[in-house]
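Read through the structure below, which is laid out as structure tokens, and then see the notes.
First the proteins, then the strands, lettered A, B, ... as listed; each starts at 1. Quick caveat, the model's predicted, so the values are computed rather than measured.
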Amino acid sequence: MMRVSLSDKAFDIVNKIFLLIVTAVILYPLIFVVSASISDPGAVSSGRMWLWPVDITLEGYRKVFENSDIWIGYRNTILYTLLGTLIHLLVLIPCAYALSRREVMGKKIILWFIIFTMFFNGGLIPTYLVVKSLGMVDTIWSVIVPNAVGAWSILVARTFFQQNIPEQLVEAAKMDGGSDFYIFRKVVLPLAGPIIAVMALFHGVSLWNQYFNALIYISDQNLYPLQLFLREILVINEIDMNTQEAGQMESFVEQVKTAGLIKYAVIIVSALPLLIIYPFLQRFFVKGVLIGSVKE
Amino acid sequence: MTTANLEIDKKQKERSKIHKLLRRFKNSWQLYLFLLPALTFFIIFHYLPMYGVQIAFKDFYATEGIWGSPWIGFDHFTRFFDSYYFWRLLTNTLLLNLYQLALFPLPIILALAVNELRNGAFKKWVQTITYAPHFISVVVIVGMIVAFLDTITGLANHMITSLGGESVPFLTSPEWFRHIFVWSDVWQTLGWGSIIYLAALAGINPELHEAAKIDGATRMQRIRYINIPGILPTVVVLFILSLGNFMAVGFEKVLLLQNNLNSSTSDVIQTFVYESGLLEGQYSFASAIGLFDSMINIILLITVNQIAKKTSDNSLW
């Protein structure tokens, strides 16, 4: 008995050390970015700043807030996220509820019709041509409509309704002569809070973070979401610098410094809304994954 | 009863069947209305493109439209297969995805480790921190990679040079691309990917552990003989699902990490579809390549599902 508990104790210690290392490795880049965003750019680019802020300055944030592109991007992203999430819910929730009702005929066929899209699609170009022929290119619709709802969310929300809406409650409301619209509004929606929250969060986050739809459909800078401006600041500039000839060394170094400075501040500014809500909403997100894991 | 009577009887039965169906429909027509927006969406944005994929077999002229453009059969496919970049694209795509697939067990290991912690502050911290990178956008992730790995100013190279090494041009070296891509993905998805296994672990009957404890099993043994077999069904299903988009994994990130200097390993089928289709306007050719890509994917998925069905009881269908 004694030996067992000893080896278990050793296991416990090794396990904790292992997790401590994993967590530290994941945490380190995050701390670095935060520290770098408020440190002197020279200290960052020379490697003097490696964990905690050095020569604290808010210059980076000042430059970010002076940048009108960021504000345009921010405004657009907020709009796309709110409107896109609303559309997502309007399409998703009624559909998932209907698919959870026993009396709907052809449910199996409809489900397969939806699930099939998880595994096969027309591909990038045919989808692009459809969006284009609908006249959505260079409008906000191209960013929010083509991914309005996915098969996975429908399956998850349907599972939720199957498990959380008591059959008797709906039956009773039907007996009283309530229409399905009425039942949906008065019985289902009041109980659907958790799934609406989960789905809105998941879709909202993905809208906030997506760049690709905007990259292919939007060419008007005034419609750029934040992520596209970020791409220009964080990714493209750097590549240009890497391939640049080392001609004007001094201005080049200066350029690298400022780019580095804005870079970290802009990462923080763009991720701020998510970073703020994340700790509070973590359990909702986890719940979403869990409902999704229930296999049929 | 005569045959005529039988006929009439049959017809009546059929009629009452149709009648019943109609009544069922009438009783819940509003529910079908609920389905309408979603079904319309899937038809327009999923099934219409599937119909449009026929341009892969056509010479597409915008003025003629999808329907009016002339058929040319498999010309685009043969042109692609015969091209000098075909094998490079295919190898790059397969290697990148196989590499990523090989790291599939990592979230499982994390889940098994976290599961051994007592509920408390440490466990909560581990979870909160490891889940966090999931919420960072792909653009920002690549921005961070670019900043960290910069040849002159990047943190990684500062560390290398301070240890006496030579700085490495990570971002422009073909031999580094796959490592950067895959391990940054591990960083981002490790914690989030473990949630589902943690849920499966929580579902294991605690009596099994109690019985094993009485028999003197160590924690390592209990993980090995109770926890791992317990989550195996979940593992199999998730593995198959991850093959479901095997060929498309991380394409948006590849696109951001790609540059002229690392393209010999970072050119994958999906980025090529994007470039030849949307940047160069070769719609038909790019559609053909995209179709080839999803065909491989679907064959892979069906095969693996079939194998899983035969060797265990866990499969998608």
Given A:Tyr28, A:Trp208, A:Trp50, the one with more heavy-atom pairs under 4.5 angstrom with chain B than any other is A:Tyr28

Highest number of heavy-atom pairs under 4.5 Å with chain B among A:Ile183, A:Ile114, A:Leu92 belongs to A:Ile114

Contact class of B:Leu300 relative to chain A, heavy atoms under 4.5 angstrom: neither

Contacting region of A:Lys16 [heavy-atom separation from chain B under 4.5 Å]: both

Check each atom of A:Leu228 against the heavy atoms of chain B and say whether the ones under 4.5 Å are side chain, backbone, both or neither. neither

Look at B:Tyr51, B:Phe42, B:Phe122 and state which one has the largest set of heavy-atom pairs under 4.5 Å with chain A. B:Phe42

Options A:Asn147, A:Leu275, A:Leu215, ranked by heavy-atom pairs under 4.5 Å with chain B, top entry: A:Leu215

Flag, side chain of A:Tyr97 to backbone of B:Leu31, donor-acceptor distance under 3.5 Å: no

Determine the minimum heavy-atom distance between A:Pro29 and B:Phe148, stating which atoms define it. CB-CE1, 3.6 Å

Name the option with the most non-hydrogen atom pairs under 4.5 Å to chain B; the candidates are A:Pro146, A:Gly123, A:Ala271. A:Pro146

Run the numbers on B:Leu33 and A:Phe181 for side-chain contact (heavy atoms from CB on, under 4.5 Å), then give the verdict. CA-CA 10 Å; B:Leu33 219 56; A:Phe181 276 130; 3.7 Å; yes

Tell me, for A:Phe229 versus chain B, whether the close heavy atoms (under 4.5 Å) come from the side chain, the backbone, both or neither. neither

Is there a side-chain contact between A:Val205 and B:His134, using heavy atoms and a 4.5 Å cut-off? no

Have a look at B:Val140 and tell me which of A:Val33, A:Val266, A:Leu230, A:Ile268 forms a side-chain contact (heavy atoms from CB on, under 4.5 Å) with it. A:Leu230

Is B:Thr153 close to A:Val44 at the side-chain level, that is, under 4.5 Å between some pair of heavy atoms? no

Contact summary for B:Gly52 and A:Pro126, nearest pair of heavy atoms: C-CB, 4.2 Å

For chain A, which of B:Leu155, B:Val273, B:Val126 has the most heavy-atom pairs under 4.5 Å? B:Leu155

Between A:Val149 and chain B, which part of the residue has a heavy atom less than 4.5 Å away: side chain, backbone, both or neither? both

Compare all side-chain heavy atoms of A:Val131 with those of B:Phe45 and state whether any distance is below 4.5 angstrom. yes

Side-chain heavy-atom pair A:Leu234, B:Val142 within 4.5 angstrom cut-off: no

A:Trp152 versus B:Leu241: any side-chain heavy-atom pair under 4.5 Å? no

Assess whether side-chain contact (heavy atoms from CB on, under 4.5 Å) is satisfied between A:Asp180 and B:Trp29, documenting all intermediate values. CA-CA 8 Å; A:Asp180 281 307; B:Trp29 64 272; over 6 Å; no

Return the minimal non-hydrogen interatomic distance between A:Phe120 and B:Met295, and the atom names on each side. CE1-SD, 4.0 Å

CG-CG distance between A:Leu134 and B:Leu48, expressed to the nearest 0.5 angstrom: 7.5 Å

In terms of heavy-atom pairs under 4.5 Å with chain A, which of B:His46, B:Gln30, B:Glu116 leads? B:Gln30

Apply the test side-chain contact (heavy atoms from CB on, under 4.5 Å) to residues B:Thr218 and A:Phe11: give CA-CA distance (whole Å), side-chain angles for both, the deciding distance (0.1 Å), then the verdict. CA-CA 9 Å; B:Thr218 63; A:Phe11 174 89; over 6 Å; no

Quick check: does any side chain N or O of A:Asn209 sit under 3.5 Å from a backbone N or O of B:Phe135, one acting as donor and the other as acceptor? yes

Pick whichever of A:Val25, A:Val104, A:Ile216 has the most heavy-atom pairs under 4.5 Å with chain B. A:Val104

Atom pair CD1 (A:Ile125) and CG (B:Leu291), whose distance is rounded to the nearest 0.5 Å: 12.5 Å

Are B:Thr128 and A:Tyr278 close enough that some pair of their side-chain heavy atoms sits under 4.5 Å apart? yes

Ranking A:Ala148, A:Gly150, A:Gly106 by heavy-atom pairs under 4.5 Å to chain B gives rank one to A:Ala148

Could you give the distance from CG (B:Leu110) to CG (A:Leu19), rounded to the nearest 0.5 Å? 6.5 Å

Any chance CE of A:Met118 has more than 12 other-residue heavy atoms, nucleotides or ligands included, within less than 6.0 Å? yes

Atom pair OH/CZ of B:Tyr32 and A:Arg101 - distance to nearest 0.5 Å: 11.5 Å

Can you tell me which residue pairs pass the salt bridge (Lys or Arg N to Asp or Glu O under 4.0 Å) test with a partner in residues 29-40 of chain B, sequence neighbours excluded? none

Any idea which of B:Trp125, B:Trp192, B:Phe60 has the most non-hydrogen atom pairs under 4.5 angstrom with chain A? B:Trp192

Is B:Leu190 close to chain A through its backbone or its side chain, or both, or neither, when contacts mean heavy atoms under 4.5 Å? side chain

With no hydrogens and no angle check, just 3.5 Å: does a side-chain donor-acceptor pair link B:Ser28 and A:Glu103? no

Please lay out, stage by stage, how B:Ile55 and A:Leu129 fare under the test side-chain contact (heavy atoms from CB on, under 4.5 Å). CA-CA 11 Å; B:Ile55 65 168; A:Leu129 291 176; 3.6 Å; yes

Could you look at B:Leu301 and say if it's the side chain, the backbone, both or neither that has a heavy atom under 4.5 Å from chain A? side chain

Please give me the minimum heavy-atom distance between A:Val235 and B:Val139, naming the atom from each residue. CG2-O, 4.2 Å

By salt bridge (Lys or Arg N to Asp or Glu O under 4.0 Å) - contacts of A:Arg185 (at least two apart): none

Closest heavy-atom contact between B:Ala147 and A:Lys263? CB-CD, 4.2 Å

Heavy-atom pair count under 4.5 Å with chain A, highest-scoring of B:Leu39, B:Asn297, B:Val138, B:Leu238: B:Leu39

So do A:Phe113 and B:Ile43 actually touch side chain to side chain, heavy atoms under 4.5 Å? yes

Go through the atoms of B:Phe41 and report whether side chain, backbone, both or neither lie under 4.5 Å from a heavy atom of chain A. side chain

Winner by heavy-atom pair count (cut-off under 4.5 Å) against chain A, out of B:Ser284, B:Ala132, B:Pro133: B:Ala132

A:Leu124 CG to B:Asp293 CG distance, which is reported to the nearest 0.5 Å: 11.0 Å

Within 6.0 angstrom of A:Leu51 CG, more than 12 heavy atoms from elsewhere: yes

Quick one: pull up CZ in A:Phe119 and CD1 in B:Ile302 and give me the separation to the nearest 0.5 Å. 10.0 Å

So which part of A:Thr127 gets closer than 4.5 Å to some heavy atom of chain B, the side chain, the backbone, both or neither? both

